[in-house]
Amino acid sequence: MKLLSFVVSNARKGEIMAIENYSEMVHLMPDTDAKIETVHQAKEECKHILLLEKLARRIGFDIDDTMVEPQWESIRQSFHEAVRRKDLPACLIIQDLMVESLAIGLYKVFASAANEDQETVGVAAALLKDELEHLDIGVRRIQAEMEKDADAVNDALLWAHARVMPALFEMVNQSCDFLCEEKQLNCTMVEKPSAEIDLELLKITALEHYVGMLDKANFDPKITNQLIASMASYEAPGRVSAGLEFLRKH
């Protein structure tokens, strides 16, 4: 139950951050239709928060802000800096590629057939559908920005990747240690993979989506190959092969 509380509390924090991010970048959108679409995305993230809170009440665990990992704040600050710079491509990359890929990884793991809790599966599947739509919207927007100025968008990727991806990796790599320290749990028990909550699978799934979207959005392959190779340095000692094994197949 503490592990569920940890995962859902952090998922909820990510949804709150998404509301803040979408709301903050509305004024950067190029036209009225794009502004309306962005406001709608923020509204959908509000719905996600309510679904997570309802799930917690039904199953019987707390939403606990003391379990929220500190990296969320640094990611939020990086996004705020992108808005301050009026760098729309960086905003799109951070929220619609990087953060959404992590959310998709999380909800995909919980919505899988391996999870025998049907209530959790139902909620995760609904959230996954929305997040996949947000990811597609982000890719479409980035492709449009690429047509205007490909060099600027590739520069935005380099800037955003250096600030956000290490924090996302650290969040997943240190999650068990963070949870055990905060809630005095047996780390050897928590780190044992389970069908319901497999943190390594979450990371791999998120990375697969991120790498796939980099290709789909038409970023410069020379840049993306360099960034993908650099991600090995973000891994925790002893976990390199687990987190990035799938990249060797590409």
Just do the side chain to side chain contact (heavy atoms under 4.5 Å, CB included) check on Thr32 and Ile36 with the steps written out, would you?
CA-CA 6 Å; Thr32 301; Ile36 292 171; 3.9 Å; yes
Side chain to side chain donor-acceptor pair (under 3.5 Å) pairs touching residues 6-20, sequence neighbours excluded, are Asn10-Trp72, Arg12-Glu53, Lys13-Glu73, Glu15-His48, Glu15-Tyr107, Glu20-Arg76
Sequence neighbours excluded, the answer for salt bridge (charged side-chain N to carboxylate O under 4.0 Å, His left out) partners of Asp136 is Lys216
Hey, quick one: are Leu227 and Leu168 part of the same hydrophobic cluster, counting side-chain heavy atoms closer than 4.5 Å, chains of contacts allowed?
yes
Are Arg141 and Glu37 close enough that some pair of their side-chain heavy atoms sits under 4.5 Å apart?
yes
Asp96 and Val139, any side-chain heavy atoms less than 4.5 Å apart
no
Trace of the side chain to side chain contact (heavy atoms under 4.5 Å, CB included) decision for Asp149 with Val153:
CA-CA 7 Å; Asp149 189 342; Val153 179; 5.6 Å; no
When rounded to the nearest 0.5 Å, the distance separating CG of Leu51 from CD of Glu44 is 11.0 Å
CG-CE distance between Asp151 and Met146, expressed to the nearest 0.5 angstrom
10.0 Å
Using side-chain heavy atoms (C-beta onward) and a distance below 4.5 Å, is Phe79 in contact with Met25?
yes
Do Val83 and Ile137 land in one hydrophobic cluster if side-chain heavy atoms of ILVMFWY residues count as linked below 4.5 Å?
no
So which heavy atom on Arg58 is nearest to which on Val123, and how close?
NH2-CG2, 3.9 Å
Side chains of Leu97 and Leu92: does their closest heavy-atom pair fall under 4.5 Å?
no
Report yes if the side chains of Ile63 and Ser5 come closer than 4.5 Å at any heavy-atom pair, otherwise no.
no
Hey, quick one: are Ile223 and Ile93 part of the same hydrophobic cluster, counting side-chain heavy atoms closer than 4.5 Å, chains of contacts allowed?
yes
Any side-chain heavy atom of Pro30 sitting closer than 4.5 Å to one from Leu88?
yes
If you measure from CE on Met29 to OH on Tyr22, what distance do you get to the nearest 0.5 Å?
8.5 Å
Look only at the side chain of Asn21 and the backbone of Gln95, and say whether a donor-acceptor pair between them is shorter than 3.5 Å.
no
Can you get from Phe61 to Val7 by hopping between Ile, Leu, Val, Met, Phe, Trp and Tyr side chains that sit under 4.5 Å apart?
yes
If you group Ile, Leu, Val, Met, Phe, Trp and Tyr whenever their side-chain heavy atoms sit less than 4.5 Å apart, what else falls in with Ile49?
Ile16, Ile19
Under 3.5 Å side-chain donor-acceptor pair for Glu100 and His209:
no
With side chains defined as the heavy atoms from C-beta onward, is the minimum distance between Arg163 and Ile75 less than 4.5 Å?
no
To the closest 0.5 Å, what do you measure between CG (Leu157) and CG (Leu214)?
6.0 Å
I need the Cys91 SG to Glu145 CD distance, nearest 0.5 Å.
10.5 Å
Might you work through the side chain to side chain contact (heavy atoms under 4.5 Å, CB included) test for Leu128 and Leu106, ending with a clear yes or no?
CA-CA 9 Å; Leu128 176 61; Leu106 172 64; over 6 Å; no
Can you tell me if Asp62 uses its side chain to pair, donor with acceptor, with the backbone of Asp64 under 3.5 Å?
no
Linking I/L/V/M/F/W/Y whenever their side-chain heavy atoms sit closer than 4.5 Å, directly or via other members, would Ile228 and Leu158 fall into one cluster?
yes
Aromatic ring pairing Tyr210/His161, orientation class (parallel under 30°, perpendicular over 60°, tilted between)
parallel
Could you report the tightest heavy-atom contact between Ala160 and Ala90, atom names first, then the distance?
CB-O, 4.4 Å
Could you tell me whether the side chain of Glu24 reaches within less than 4.5 Å of the side chain of Thr38, counting heavy atoms only?
no
Once you round to the nearest 0.5 Å, how far does CD of Glu45 lie from CG of Asp130?
8.0 Å
Looking at Lys47, I want to see if its NZ is surrounded by more than 12 non-hydrogen atoms of other residues, nucleotides or ligands under 6.0 Å.
yes
